[in-house]
Amino acid sequence: MASTEPSTPSPQASGLPTSDLSRARLGVLGGSGLYAMEGLEDVRELTVDTPYGAPSDSLRIGRIGDLEVVFLARHGRHHTFTPSEVPYQANLWALRSLGVRWILSVSAVGSLQENVRPLDMVVPDQFIDRTMQRPLTFFGEGLVAHVGNADPYCSVLSRVLGDVSDSLMPEGRQLHRGGTYLCMEGPAFSTRAESELYRSWGCTVIGMTNHTEARLAREAEMAYATLAMVTDYDCWHAMHDAVTVELVIDNLRANAALAQQIVRLAAERVQALRPPSPAHQALRDALMTPPAQVPPATRRRTELFTAPYWGPFSEGEVTTEATTTATTAAG
Ligand SMILES: CSC[C@H]1O[C@H](OP(=O)(O)O)[C@H](O)[C@@H]1O
Ligand SMILES: Nc1ncnc2[nH]cnc12
């Protein structure tokens, strides 16, 4: 879908203090076939504990110029988490706690359209959620927040990623800007009837991970954009075999070097631009519950997100009523 935002608004225009973005880090979420990021300098590994449990793996922090980059393999470096099992909340919380404000996500996808061919790349701008057992929010338990999700991928970061990808696509392979990512539960691939249904909805690509990450990234005020590598035609195409893991892996291998190049160049652009995004202020008008009414355990759990608006939490702030509710709810 077309976007109307300027390509590189100034940090001041975003309303964020400039210093926030000058120190911010870039997160890279590697999916199927991308279990490490090449070209990082001074890499160190960090184990992060979160209120939502352990992330998929340790986080690897390195540098591109003066931009610090945090890499995380969403399925774990040995691909041990199914799309339903990926600890999405822990992953996103860990990234935000390390100061990440932009996320480049890399994903394998099936194509739902004839003109989107295997080995093409897509930078999607919408998704449809068909998952059934995923965490949808960091909030709840006495703190209600409704972030805007009309444009779930960050248009500013997506433009950077699209420009870079376009400049690196080899002859005969296409970069598609925009498109709808159908997020299914998995782990089994779709039936032909499902695949046809998603095509009739006008979806562009299909995968199993993006929607959950994009929603949580928005709540955590991190700009999120995806490089979707097309590996197959799912199972709807009369002239192509239905998707198999073997097919996906073969095409991921063929695309691995290009994906690494795109991520690296996109990181260099982020370093130069440090682009502000509306996502960086997603919670500004979204927090519904007055802070004094939020149970202490919830205040503590969500402190990372609420502190910029409500200041640091001190136990004395909470009303007796909220404390009583929390105690009762805990049993
Ligand atoms: C290996 S095919 C299915 C698998 O690949 C995609 O993963 P990711 O988005 O992490 O690259 C898809 O979502 C499934 O998880
Ligand atoms: N056809 C497909 N369906 C779901 N996830 C995928 N990842 C790669 N190809 C896929």
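Counting starts at 1 for both ligands and their atoms, in listed order.
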Report each N/O pair between ligand 1 and the protein that falls under 3.5 Å, naming both atoms.
from     : atom 1 : to   : atom 2 : distance (Å)
ligand 1 : 5 (O)  : S32  : OG     : 2.9
ligand 1 : 7 (O)  : S32  : OG     : 2.9
ligand 1 : 9 (O)  : S107 : OG     : 2.8
ligand 1 : 9 (O)  : T209 : OG1    : 2.7
ligand 1 : 10 (O) : S32  : N      : 3.4
ligand 1 : 10 (O) : R74  : NH1    : 2.8
ligand 1 : 10 (O) : H75  : NE2    : 2.5
ligand 1 : 11 (O) : S32  : N      : 2.9
ligand 1 : 11 (O) : A108 : N      : 2.8
ligand 1 : 13 (O) : M208 : N      : 2.7

(request) Would you please say whether a donor-acceptor pair under 3.5 Å links the side chains of Y198 and D234? (result)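 Side-chain D/A pair, Y198 to D234: absent.
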Flag the pair [X] and [Y] as a salt bridge only when some basic side-chain nitrogen lies within less than 4.0 angstrom of an acidic carboxylate oxygen.
X	Y	answer
E221	R284	no
R177	D163	yes
D57	R77	yes

Do [X] and [Y] have their ring centres less than 6.0 Å from each other?
X	Y	value
Y181	H211	no
H75	F81	no
Y52	F138	yes
W310	F313	no

(message) Within 45 degrees of the ring normal and closer than 6.0 Å to the centroid, is that where the cationic atom of R199 sits relative to W236?
(response)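 Ring-cation test returns yes.
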Show me a pair-per-line table, with atom names and distances to 0.1 Å, of protein N or O atoms that are under 3.5 Å from an N or O of ligand 2.
from     : atom 1 : to   : atom 2 : distance (Å)
ligand 2 : 1 (N)  : D232 : OD1    : 2.9
ligand 2 : 1 (N)  : D234 : OD1    : 2.8
ligand 2 : 7 (N)  : A108 : O      : 3.3
ligand 2 : 9 (N)  : G110 : N      : 3.2
ligand 2 : 9 (N)  : D232 : OD2    : 2.6

